[in-house]
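Letters A, B, ... are given to chains in the order of the sequence lines, protein chains preceding strands, and every chain is numbered from 1.
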Number of protein chains: 2
Amino acid sequence: MCPAPARTTDAAIVTAARALLERDGPAGVTMQAVGAAVGVRGPSLYKRIADRAALLRAIEAEALAELGARLEAVAGPPARLAARRMAVAYRAFARESPKTYAMLFSPERWDEAGDAARARAVAPVLAVTAALAGQADALAAARLLTAFLHGWVSMELAGAFRLGGDVEAAFAYALDATIEGIEARRAAARI
Amino acid sequence: MCPAPARTTDAAIVTAARALLERDGPAGVTMQAVGAAVGVRGPSLYKRIADRAALLRAIEAEALAELGARLEAVAGPPARLAARRMAVAYRAFARESPKTYAMLFSPERWDEAGDAARARAVAPVLAVTAALAGQADALAAARLLTAFLHGWVSMELAGAFRLGGDVEAAFAYALDATIEGIEARRAAARI
DNA sequence: GTCTATATTCAGATAGAC
DNA sequence: GTCTATCTGAATATAGAC
């Protein structure tokens, strides 16, 4: 019907762009490289997406949905165990998609759709910290837990743990201490 | 004596480059812009520094020395208070030099000199966590504390706390919970 | 030590044919 | 929808005069 039938799809473009991001970093996600990966020329992509920024936003949306689903998948009581499982799932996601993960925290392209996607992704964490810390401290506790996890995986991905020692054991220690600290503050508040 | 006396200094170049980094981000640190900021042309800088990467390494070294000095300045017992003061100092440094701070965790240019500078910068933190957590867990506790702080300030600088609430109060809560968690694990280990 | 001039490379994005 | 050809711009770094 068309003189030039579609040779690719929007989904394939996003998938290929994310693969390029992981392989070559953000600078490797050029329109030409993405086009080549899906079998078209670079300029042809502009018939489907507005510009490079829109492509990167699409990668972010896909990644946030994936992260949220992984966290949701390990939800459920008891809260203490759920917190541990979510921490493990979060760390696993970051290790499997390090460059994509890093992009989630670069604010250049944030918009309202991104805000909504972020809120959905962290909802399971908020549910867990509400149970761990009490409703009054749920948000603060969620911020502690995500800050710790984000800091930890960022440092791991940057190769910042360079003083030796057992990093796996340290992660277990740090996660336990964080959860215990949250629980301890709840107990203190009840007195 | 010279036909063309020096119009700038190495120190001025690093200072100007760091100011450009803070104003325009890493991409703003071009050789031409740095040259203009110190009153010479871009290519003239190559008589003083090997290349752009060396310039960025020099910024990192300066920043790490500054951060280490700030942490050292608030050291001293009691450990619990020192940990709090260091957290505040760390956060203040990141807020005053956000782009420079972010660059400290981008591993592209790390070398042995950078490792040594990093080790010096975190030495005060290790001293504090040794007192807080005991010698056996000092490194793991330092990793917890730095991961939490790095994660927290990274999220703040990225504008990632977008669910409302009192971020200052949440920081106080999170810092207290982290310190208490470290202390609680020490008590648990002693039993 | 600084200059001008330039080699080199490569990116995003558009125009218009098919 | 895809193509080729091109515009536009900017960056790092070098060469060689002064």
Side-chain angles (χ1 to χ4, degrees), chain A residues 1-60 99-100 102-103 106-111, chain B residues 1-60 99-100 102-103 106-111:
Chain A
M1 198 191 283
C2 295
R7 281 214 286 267
T8 183
T9 65
D10 290 5
I13 291 170
V14 175
T15 301
R18 185 168 166 186
L20 274 169
L21 172 64
E22 288 301 337
R23 207 191 62 186
D24 301 328
V29 186
T30 69
M31 301 303 273
Q32 186 180 336
V34 174
V38 297
V40 303
R41 298 287 177 171
S44 303
L45 297 174
Y46 287 92
K47 297 285 180 180
R48 297 174 164 278
I49 54 177
D51 52 22
R52 183 173 177 270
L55 178 56
L56 298 180
R57 274 195 301 271
I59 297 177
E60 286 192 22
K99 306 279 176 63
T100 306
M103 208 179 59
S106 46
E108 294 113 33
R109 288 167 302 276
W110 288 8
D111 56 359
Chain B
M1 199 192 279
C2 295
R7 281 214 286 267
T8 185
T9 65
D10 290 4
I13 291 169
V14 175
T15 301
R18 185 167 164 188
L20 275 169
L21 172 65
E22 288 302 335
R23 207 191 62 187
D24 301 327
V29 186
T30 68
M31 301 303 273
Q32 187 180 335
V34 174
V38 298
V40 303
R41 299 286 178 173
S44 302
L45 297 174
Y46 288 91
K47 296 288 181 177
R48 297 175 163 277
I49 52 177
D51 53 21
R52 183 173 177 270
L55 177 57
L56 298 179
R57 275 195 301 269
I59 297 177
E60 285 193 22
K99 306 278 177 61
T100 305
M103 208 180 59
S106 47
E108 293 113 32
R109 289 168 301 279
W110 288 7
D111 56 0

(request) Write down the distance between CE (B:Met31) and P (C:dA7), rounded to a whole number of angstrom. (result) 21 Å
(message) Using whole Å, what does the distance between atom P of nucleotide C:dA13 and atom NZ of A:Lys47 come to?
(response) 15 Å
(message) Holding to salt bridge (Lys or Arg N to Asp or Glu O under 4.0 Å), I want the full list of residues that pass it with A:Arg109, two or more places apart in sequence or in another chain.
(response) A:Glu60
(request) Compare all side-chain heavy atoms of B:Asp24 with those of B:Val29 and state whether any distance is below 4.5 angstrom. (result) no
(message) Can you tell me if A:Arg41 touches the phosphate of D:dG1, counting only side-chain N or O atoms and a distance under 4.0 Å to OP1 or OP2?
(response) no
(message) Testing the basics here: between B:Ala33 and B:Gly28, what is the closest heavy-atom pair and its distance to 0.1 Å?
(response) CB-O, 3.8 Å
(message) From CZ of B:Arg48 over to P of D:dA13, roughly how many Å is that when rounded to an integer?
(response) 17 Å
(message) Nearest to the side chain of B:Gln32, heavy atoms from C-beta on, is which of C:dT4, D:dA11, C:dG1?
(response) D:dA11
(request) Pick base, sugar-phosphate or nothing for B:Thr30, based on heavy-atom distances below 4.0 Å to the nucleic acid. (result) sugar-phosphate
(message) On DNA chain C, compare the nucleotides closest to A:Ala27 and A:Ala50; which residue's is nearer the 5' end?
(response) A:Ala27
(request) Could you tell me whether the phosphate oxygens of D:dC3, OP1 or OP2, come under 4.0 Å of any side-chain nitrogen or oxygen in A:Ser44? (result) yes
(message) Rounded to whole Å, how long is the line connecting atom OH of A:Tyr46 with atom P of D:dC7?
(response) 17 Å
(request) Quickly work out the A:Arg109 CZ to C:dG12 P distance and round it to whole Å. (result) 13 Å
(request) Specify the separation, in whole Å, of atom CG of B:Leu45 and atom P of C:dT2. (result) 8 Å
(message) Give me the atom names and distance for the closest heavy-atom approach of B:Arg48 to B:Thr8.
(response) NH2-O, 2.8 Å
(request) May I ask you to say what B:Val29 touches in the nucleic acid, namely base, sugar-phosphate or nothing, with a heavy-atom cut-off under 4.0 Å? (result) sugar-phosphate
(message) For B:Thr100, is there any backbone N or O sitting under 3.5 Å from a side-chain donor or acceptor partner on B:Glu22?
(response) yes
(request) Ignoring the backbone of A:Pro43, work out which of D:dA13, C:dA11, D:dT4 is nearest its side chain. (result) D:dT4
(request) Calculate the interatomic distance between B:Arg52 atom CZ and D:dA10 atom P; express it in whole Å. (result) 16 Å
(request) Could you tell me the separation between the CG atom of B:Leu55 and the P atom of D:dA11, rounded to a whole number of Å? (result) 15 Å
